[in-house]
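Note sheet for the following structure.
It should be emphasised that the depicted structure is a prediction, and the values quoted were computed from it without experimental measurement. Quick note: numbers below take in every heavy atom, side chains included, and nothing from hydrogens, waters or symmetry partners. Order of listing sets the numbers, starting from 1, for every ligand and every atom in it.
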Amino acid sequence: MAAINPVVDLAMDGDIAILSVNHPPVNALSQQVRAGLLDGIRRAIGDAAVRAIVLICDGKTFIAGADITEFGKPPVAPSLAEVEDALEGSPRPVIAAIHGTALGGGLEVALCCHYRVAVPSARCGLPEVNLGLLPGAGGTQRLPRIVGVEQALDMVTSGKHVDAKAAHAAGLIDELVAEGDLRGGAIGFARRVVAEGRPLRRVRDLDDKVAAARGKPEIFEAFRKANAKKFRGFLAPEYNIRTIEAAVDKPFDEGLAIERKLFIELMQGTQSAAQRYVFFAERQVWKIPDVPDDTPAIPIRKVGVIGAGTMGGGIAMNFANIGMPVTIVETKQDALDRGLGVVRKNYERSTKSGRLTMAGVEQRMQLLTGTLALEQLADCDLVIEAVFENMDIKREVFGKLDRIVKPGAILATNTSALDINQIATAVQRPDAVIGLHFFSPANVMRLVEVVRAQHTSKPVIATSMQLARKLGKIAALVGVCPGFVGNRILYARSQQASAMLMEGAMPWDIDQAIYDFGLPMGPFAMSDLAGLDIGWSAEKSKSSIREVLCEQNRRGQKTGAGFYDYDEQRNPRPSPVTEKIVKDFAARSGQPQRTISQQEILERCLYAQINEGAKILEEKIAIRPSDIDIVWINGYGWPVYRGGPMFYADTVGLHEVVARLEDYGPRLGKDFAISPLLRQMAADGKRFQDLK
Ligand code: 3HC
Ligand code: NAI
């Protein structure tokens, strides 16, 4: 075997050249890989003894794409296009041998080979859209020439991975080979290609699949329309669609030029910068400086959930989904029956969309055991408390758990705002206590805030993070403070939104501004969805708009009215009743009324969030700014193409954020204070991304 360079080798198996890449962790197409491949292919072609070339990778995967860490930096030769031209132009057949994932630039390289073989567990995809990009190395022009326009549109705009079997059926993979013997299978295939004198099949020369869509712009219009909601605000899906249109309407090289131009445009834009940042943020978030990867974890085999209400049921579903038995404790049989009934209904709903079979529903339901006896939790490895949000009740529950549950188990609370340090004083083992703050609906929302209390042990933290990953969630480790990271920042926004109601804005004005910015809904629509009566009781005074709305039985979507009026399908419309209530309150507040611009709405809401985020960093409640962004993207629907509030602040400029907050001055409220950290960073010309 001859080393071309430290990451690429060239070897011979008889008359077949084996060009292999060994560049952990994912064989990304870094400069060294590109250079090695180019050199290797040239050497192989230059060797008269070589009859065919197999391109294969070591480690856990085929090439998983371009090296994202090189993006935004000056390009270094050779370009990926040069490598691809060398492969595609080879006078001897080149066969890509795929295992793991052939993604992005990896699949594009494979598409420049004349044939592709794969093991059944392999997957292929063009996930660039998730980085705010499009496949920029010919993928948009070659893929539709093999799989057809409809599947190509779906793949480039969703970024989803296609398994080898489906890829084989679509013609993307020419042959499936035995799972354990990719190399042997690929060499065997190569020998057959040579023996049969098969042609050099260049994907760029194929036309029938794209010709089938030629002169049919309605295909693209229908696709845009069907996905309008999903693509709202994102640039990349539309750009991807345009490249597929080009593949249909233009000759190959012209299509390639269009792809290049659009790729560069996206690469230089803020959306892709944000989405690339989020890609790394999603991986950073698992890393906890003082809890190393080798921290011993506690084996979790059986889980207890206390409370079968809105959260308890959803939390239990997560565990049943991964095959873990869960014991659910309630105080009354009817509450237990109701809770388990809701779980069953939720599962059954998934059968309608085909995500679950009825057998799958039964299998999951069998893992759930309801009981009224807390003692049943004695042998659980993890207990999650999801009872009413009340400190006395929670402390009582924890005190009992302490006496019942076996030593070494994790005692978690799903509280959304209570002081977990105080909850932990109810037990003799505060090191076992942690917050696992799931978001509603808990079986759907991806975020879990893992809340580290004063005495929480490292194994408890490590286990909680690993468990969240197993559940398919994304977890951010945060510290104890009112509302933790997510709700604390939400509260900062709510304060501004409520203040603006007193100054002349209507709930729908504020919601519209936030929606147009890219969030799924504004603060008032969100309150209507959650229910305005959380924490409200009829005996309470009518000191807020929310309380008056509740008083009038306008408790949100569930009662058909809240800040908005709702029709049967729960479509909101501005409500004259709410308008009157707001105006009465505003008049009583004595504040002068004015028209509030969309710009002011956005700046006050979003900059107040950024300011709160800075305070959270000051207080070390979050480990890093990008963790805050992960919380807001996954827990509250902050648009990923804006990278989260802290990344967004960087794009605005911290100096500008501070200057605008200063301009708004007293309007922000008497308790509003600009974070010293934010002020200092602005003065120093720094960005949150510079805080490592
Ligand atoms: N470039 C640079 N680093 C990458 C990378 C890439 N394309 N893909 C993954 N990595 C890094 C990760 O940051 C991580 O680093 P860390 O260990 O320091 O945190 C490490 O590789 C392992 O990644 P994961 O933790 O994600 O490993 P998994 O095994 O869970 O997943 C994967 C593997 C499915 C390949 C996943 O990493 C992935 O989806 N990668 C991105 C694939 C992608 O988007 N490719 C397209 C790139 S853009 C492109 O190709 C442009 C072209 O069209 C010109
Ligand atoms: P819920 O009112 O829907 O459910 C609470 C359930 O706990 C009820 O069924 C009740 O009968 C049961 N319960 C009360 N005391 C109990 C006890 N001693 N033993 C066993 N069961 C008992 O409340 P929800 O919304 O599920 O909230 C639960 C917790 O989750 C609260 O701490 C809340 O702050 C938190 N949370 C709620 C979110 C939401 O959106 N609803 C989001 C995130 C956290």
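- Interface atoms of ligand 1 facing G65, defined by a heavy-atom separation under 4.0 Å, are 45 (N), 50 (O).
- Between G136 and ligand 1, at least one pair of N/O atoms sits closer than 3.5 Å.
- Considering backbone and side-chain atoms alike, T310 places an N or O below 3.5 Å from some N or O of ligand 2.
- For F439, the heavy-atom gap to ligand 2 stays at 4.0 angstrom or more.
- Using a non-hydrogen distance threshold of 4.0 Å, K332 does not register as a contact of ligand 2.
- When only non-hydrogen protein atoms are considered, atom 17 (O) of ligand 1 lies nearest to K287 NZ, 4.3 Å.
- Counting heavy atoms closer than 4.0 Å to ligand 1, residue L133 contributes nothing at all.
- Less than 4.0 angstrom separates some heavy atom of G105 from each of these atoms of ligand 1: 49 (C), 50 (O), 52 (C).
- A cation-pi geometry, defined here as NZ or CZ lying under 6.0 Å from the six-membered ring centre and within 45° of its normal, does not hold between R493 and Y491.
- The aromatic rings of H437 and F439 sit tilted, their planes meeting at an angle between 30° and 60°.
- For the ligand labelled ligand 2, residue A386 lies inside the 4.0 Å heavy-atom shell.
- For the ligand labelled ligand 2, residue E396 lies outside the 4.0 Å heavy-atom shell.
- Across every non-hydrogen atom of V433 and A453, the tightest pair is O-CB, 4.4 Å.
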